[in-house]
Amino acid sequence: IPRAGKKILRYLGVNLESFYLLEYKIDKLEVEAKMKKYDYSDVQKFFYIDIKDSNLFDKNKKQLFKQRFESKDYSCFGIKAENEICYLTWISWKFMNYPTIFNIQETLQETLQENEALLEDSFCDPKYRGLGYHSKMNLFRLNVMLNNNIDYVLVLVLKENTPALKVQVKSGFKIKEVIKYYNIFNKSRIKRIKYNA
């Protein structure tokens, strides 16, 4: 119901969204212990050639992915079955990327600290949902970050996205801030509120 109401408001020129910014201080022993639960033999690093002919993404998304690959500020990992993408996920090594609805100009883009990285843009083909790929790939990315001397991992989750929130909390993340985005008749505002449990 809340999502339907927000869709109607967007149609009327009013966009209101709330996100949780979660943080995890990487614990080497915890990550290594949890990773033992999964088989990672099917995980591979993706390149643009792995994505460009996929029917899962539209032209705009592919263009965004191409820019990320060219910038070298991102890493992409995924799982394929019979040469089809089952799961795809990203690490941003440099930028705090807000969802596209925030409509933030590139000049206002936030840069991450040297010891931080951002988990973002995870996608699972509907045919492969329910197989535990998200939890598995979350841990895989944490291990990649650990091997790149990252101490703190950030992730943005839509407030109403309870399944994604549960996965991140289960992975050890804690809510750091609530970020509220307002766009009313093309006037935007972002409010960041420290989270008190």
Side-chain angles (χ1 to χ4, degrees), residues 1-10 12-35 64 68 71 73-75 77 89-123 134-197:
I1 292 171
R3 298 307 306 161
K6 288 182 178 182
K7 191 173 182 180
I8 292 165
L9 284 173
R10 273 200 303 274
L12 298 171
V14 177
N15 201 344
L16 310 170
E17 291 291 2
S18 294
F19 295 82
Y20 288 124
L21 176 65
L22 294 97
E23 181 183 76
Y24 173 67
K25 184 176 189 320
I26 296 182
D27 182 321
K28 185 174 189 283
L29 295 177
E30 182 182 31
V31 171
E32 288 175 349
K34 286 182 176 178
M35 283 191 74
L64 171 66
R68 286 181 182 175
S71 76
D73 294 324
Y74 300 84
S75 294
F77 302 94
T89 194
W90 292 83
I91 297 171
S92 171
W93 300 105
K94 188 172 180 183
F95 297 112
M96 176 66 195
N97 293 316
Y98 291 107
T100 51
I101 62 146
F102 278 51
N103 198 22
I104 294 176
Q105 299 171 15
E106 281 187 33
T107 52
L108 300 175
Q109 203 168 30
E110 289 180 38
T111 303
L112 297 167
Q113 301 295 319
E114 279 186 25
N115 65 341
E116 292 179 335
L118 177 74
L119 301 180
E120 67 173 321
D121 253 358
S122 296
F123 171 83
H134 195 64
S135 296
K136 170 178 168 170
M137 293 304 294
N138 236 24
L139 285 165
F140 181 85
R141 288 183 293 172
L142 292 179
N143 192 56
V144 170
M145 292 172 175
L146 185 63
N147 292 330
N148 281 272
N149 301 313
I150 296 295
D151 297 313
Y152 293 94
V153 184
L154 303 174
V155 66
L156 271 171
V157 176
L158 188 64
K159 197 171 181 181
E160 291 114 331
N161 191 347
T162 307
L165 186 62
K166 282 181 179 175
V167 167
Q168 301 303 356
V169 170
K170 189 179 170 185
S171 297
F173 283 79
K174 290 184 171 53
I175 300 171
K176 183 179 179 183
E177 293 179 5
V178 177
I179 302 175
K180 294 183 178 285
Y181 172 77
Y182 309 88
N183 184 293
I184 301 169
F185 309 121
N186 293 322
K187 289 190 177 176
S188 298
R189 185 175 170 220
I190 296 171
K191 188 175 181 183
R192 297 178 71 151
I193 305 158
K194 189 173 179 180
Y195 183 77
N196 293 312

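Treat the numbers as computed from the prediction; the structure is a model and nothing was measured.
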*Distance-minimising heavy-atom pair for Ala117 and Ile91*: CB-CG2, 4.2 Å
*Working to the nearest 0.5 Å, report the span between CG of Asp151 and CD of Gln113.*
11.5 Å
*Taking the side chain as C-beta and beyond, is there a heavy-atom pair between Arg192 and Lys176 under 4.5 Å?*
no
*asked:* Nearest 0.5 angstrom please: Ile193 CD1 to Leu21 CG, how far?
replied: 12.5 Å
*Closest heavy-atom contact between Ser171 and Asn138?*
OG-ND2, 3.2 Å
*What's the verdict on side chain to side chain contact (heavy atoms under 4.5 Å, CB included) for Tyr195 and Leu22, showing C-alpha distance, side-chain angles and the deciding distance?*
CA-CA 10 Å; Tyr195 183 77; Leu22 294 97; over 6 Å; no
*Nearest heavy-atom neighbours spanning Ser75 and Trp93*: OG-NE1, 2.8 Å
*Measure the spacing between CG of Asn97 and CZ of Arg68 and express it to the nearest 0.5 Å.*
6.0 Å
*Is the count of non-hydrogen atoms from other residues, nucleotides or ligands lying under 6.0 Å from Glu114 atom CD greater than 12?*
no
*Is the Phe77 ring parallel, tilted or perpendicular to the Phe140 ring (thresholds 30°, 60°)?*
perpendicular
*If the plane angle is over 60° it's perpendicular, under 30° parallel, otherwise tilted; pick one for Phe95 and Tyr74.*
tilted
*For the side chain of Asn143 and the backbone of Leu139, is there at least one donor-acceptor N/O pair under 3.5 Å apart?*
no
*Close side-chain approach of Leu165 to Pro163, heavy-atom, < 4.5 Å*: no
*What's the spacing between Lys25 NZ and Ile150 CD1 if we round to 0.5 Å?*
12.0 Å
_Shortest non-hydrogen contact from Glu120 toward Thr89_ = O-OG1, 3.9 Å
*asked:* As an exercise, state the distance from CZ of Phe19 to OH of Tyr181, rounded to the nearest 0.5 Å.
replied: 9.5 Å
*For the residue pair Val167 and Ser135, what are the closest heavy atoms and their distance?*
CG1-OG, 3.9 Å
*Roughly how far apart are Glu116 CD and Met96 CE, rounded to 0.5 Å?*
9.0 Å
*asked:* Using side-chain heavy atoms (C-beta onward) and a distance below 4.5 Å, is Val169 in contact with Tyr20?
replied: no
*Over all heavy atoms of both residues, which pair between Leu154 and Leu112 is shortest? Give the atoms and the distance, please.*
CD1-CD2, 3.8 Å
